[in-house]
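The figures here come from the full heavy-atom set of this structure, side chains too, leaving out hydrogens, waters and symmetry mates. None of these values were measured; they are calculated from a predicted model.
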Amino acid sequence: MFNKILIANRGEIACRVIDTARPMGVRTVAVYSDADARARHVEMADEAVHIGGSAPKDSYLRGEAIIAAAKATGAQAVHPGYGFLSENPEFVEACEAAGLVFIGPSADAIRAMGLKDAAKALMEEAGVPVVPGYHGASQEGLAERAVEIGYPVLIKAVAGGGGKGMRRVDRAEDFADALASAKGEAATAFGNDAVLIEKFVATPRHIEVQVFGDGEKAVHLFERDCSLQRRHQKVIEEAPAPGMTVGMREAMGSAAVRAAEAIGYKGAGTVEFIVDASDGLRADRFYFMEMNTRLQVEHPVTEAITGVDLVEWQLRVAAGEPLPMAQEDLAIHGHAFEARLYAEDVPKGFLPATGTLAHLVFPEGARADTGVRPGDEISPWYDPMIAKLIVHGATREIALGLLDQALSGTQVAGTVTNLAFLRALARHEGFGRGEVDTGVIDREVETLSKQPVPCTRCRAVAAIGAMGLDGAAEQGFSLWAPLAQSVALARGDEVEVLKVSVTGPGSAVVAREDGAHEVTFGARGWTVDGAPVPAEVVRHAAGLSVFWGNNYHFELPDPLDVASEAGAAAGRIEAPMPGLVKAVYVQAGGAVKAGDRLAVLEAMKMEHVLTAGRDGVVAEVLAEAGAQVEAGAALIVLEEEGE
């Protein structure tokens with residue numbers, strides 16, 4: 001076994017490799033960019049070497065710098081993780097030339113599977129079923145090939161991945177434009193505009209098989225279903241695949257092993273199949289799609305159902321040991337799910353997001369593979385993954401319930417996330433029944449993307465937290481806090497002002513337009529209207545978060561601004577909180593314009609100018625300078641519009 005390895009990666013996968021290497025007695029060397037100088041994987045490793053700037057091309061894609069770091073620290077082998085240089089055959093050869101063991105397949109094996117057209121031709125020779133289509137090298141006459149295959153067809157970049165250079169074409173008259181678009185995108189993304197054409201599978205499922213080889217022989221560790229995808233990116237994965245029959249599992253597993261052995265595969269790899277599920281799962285309806293010659297992001301679900309540590313297997317086989325288990329010794333135990341938690345703005349089209357993780361808590365009972373900690377920043381330089389949440393249960397139904405619990409118990413503050421979206425998926429009725437295909441999310445994205453709306457009790461808890469009475473606010477509890485105070489809570493364009501009246505130590509009444517809630521708080525937790533509630537409140541730089549089944553985030557605008565603007569627009573200007581009227585600038589019968597100063601209120605040792613929200617005529621002036629007023633007291637009333 002190796003004494004020391006270098007991990008040529010960052011984030012979650014680097015931490016994952018360290019977690020396995022440490023109990024095996026293998027020391028680890030991390031590499032890091034400028035942006036990752038204080039990253040979790042750097043802290044966890046035994047040693048760390050700086051390799052360049054924040055952009056991947058200046059650091060994690062610099063093979064020569066990584067090899068130099070390995071040599072300088074005495075590492076014997078390099079673990080590539082996934083992404084970056086993990087499927088770069090030139091990097092494999094450079095490692096070997098430097099006397100380092102590459103913990104993964106050979107350069108030849110990577111090349112054999114690197115281009116989709118060549119890989120499909122090789123798989124046909126090995127007896128692995130492939131999707132009907134054209135995989136030839138010539139790029140002439142593709143329109144005629146599409147007609148021969150039969151519409152609809154799928155144009156795919158031969159060097160591609162992640163949906164780039166991929167177009168579905170339903171009619172012959174649309175083929176030319178789609179081909180030009182796919183080729184242009186492929187050239188930009190991969191430096192290679194060659195494409196292949198395949199028959200489009202109308203009800204596709206994405207089922208992949210985990211394989212592991214020693215360079216000669218291979219075994220499979222059963223299948224994973226990765227059909228829940230958006231824009232060809234996986235969202236939730238599970239193992240085993242729902243609805244899988246014994247016969248189809250044996251057929252797919254055997255085909256995957258043939259694929260691995262055909263290229264002398266060594267290490268962990270994944271053979272991906274597209275399955276035509278229009279008539280259920282049948283052993284004659286699966287087709288080779290591609291092989292990923294590395295560890296997959298979703299490998300933990302396979303580990304959960306087999307009890308195998310795939311990273312440990314990688315280290316042992318790379319060190320010269322035989323395959324740790326034979327095919328007949330491997331078995332499936334229970335069911336597992338993995339959900340990918342990202343910093344992304346779902347309502348805005350799943351745009352990647354950044355921010356500081358002011359608060360990050362994962363629930364007990366779930367495996368959380370993560371590369372970040374509370375206080376870390378989500379960098380714009382890399383994939384915005386926060387964590388992978390993995391659960392395992394005796395049955396699919398039990399595991400799905402555990403996934404929902406894990407998602408509801410995960411707490412993230414400081415950035416927007418896809419957490420609510422993941423929970424909506426976990427609760428999707430069709431998914432619960434195992435009715436999945438790769439189009440589910442795109443068909444129902446609008447419904448799945450709806451953000452949960454906090455109930456009035458949740459808003460009442462948030463109002464207490466915003467005041468800091470529960471200790472959530474940075475300033476803490478104040479004995480001199482006013483007995484009544486207005487609190488503004490904003491979510492997107494929606495802003496609400498609530499009135500909080502302290503009724504005693506650890507108790508208050510929170511009033512809204514449509515009613516009020518009695519709230520108690522303190523060391524024993526929260527109760528609302530006499531019933532205990534499982535809420536947690538965190539105040540942070542971006543506002544305030546209430547964790548109560550879902551993650552509800554509120555911005556905290558100045559309640560004086562909100563209340564005065566709302567009141568002025570309605571023609572009734574009220575005191576948003578208790579205070580002293582310092583000045584009144586208008587009198588009854590006077591005309592005012594929108595934006596005119598009406599009065600000044602001193603509250604919380606600050607002066608706030610109340611302005612007119614619309615043009616109008618002053619009907620009444622109900623307070624004079626020097627008066628002490630309560631929250632909600634009417635100060636100035638404008639005549640109703642149209643009078």
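- Of all the heavy atoms in Thr293 and Ala109, the pair that sits closest is CG2-O, 4.2 Å.
- The ring of His359 has its center closer than 6.0 angstrom to the ring center of Phe547.
- Under a 4.0 Å N-O distance rule, the pair Arg62/Glu64 qualifies as a salt bridge.
- When ring centroids are compared, Tyr342 and Phe350 stay outside the 6.0 Å threshold.
- Applying the 6.0 Å contact sphere to NZ of Lys217 captures no more than 12 heavy atoms from other residues, nucleotides or ligands.
- Side-chain atoms of His41 come within 3.5 Å of backbone atoms of Val31 as a donor-acceptor pair (strictly under, hydrogens ignored).
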When you look at Glu87 and Arg111, which way does the salt bridge (Lys or Arg N to Asp or Glu O under 4.0 Å) test go after all the steps?
CA-CA 9 Å; Glu87 293 179 282; Arg111 286 194 178 97; over 6 Å; no

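- Listed by chain and residue number, Ala331 satisfy the side-chain contact (heavy atoms from CB on, under 4.5 Å) test with His333 (two or more places apart in sequence, or in another chain).
- In summary, of the residues considered (Lys234, His206, Glu237), a side-chain hydrogen bond (donor to acceptor under 3.5 Å, both in side chains) with Gln229 occurs for His206 alone.
- With no hydrogens or angles considered, no side-chain donor-acceptor pair links His220 and Gln210 at under 3.5 Å.
- The closest side-chain donor-acceptor pair between Ser181 and Arg167 falls under 3.5 angstrom.
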Test salt bridge (Lys or Arg N to Asp or Glu O under 4.0 Å) on Lys120 and Glu124 and set out the steps.
CA-CA 6 Å; Lys120 283 180 167 57; Glu124 284 185 295; over 6 Å; no

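- Proximity of Glu238 to Arg224: side-chain heavy atoms (C-beta onward) are nowhere separated by under 4.5 Å.
- Ring orientation note: the planes of Phe84 and Tyr60 are close to parallel, at an angle under 30° on the 30°/60° scale.
- Other residues, nucleotides and ligands contribute only 12 or fewer heavy atoms inside 6.0 Å of the CZ atom of Arg38.
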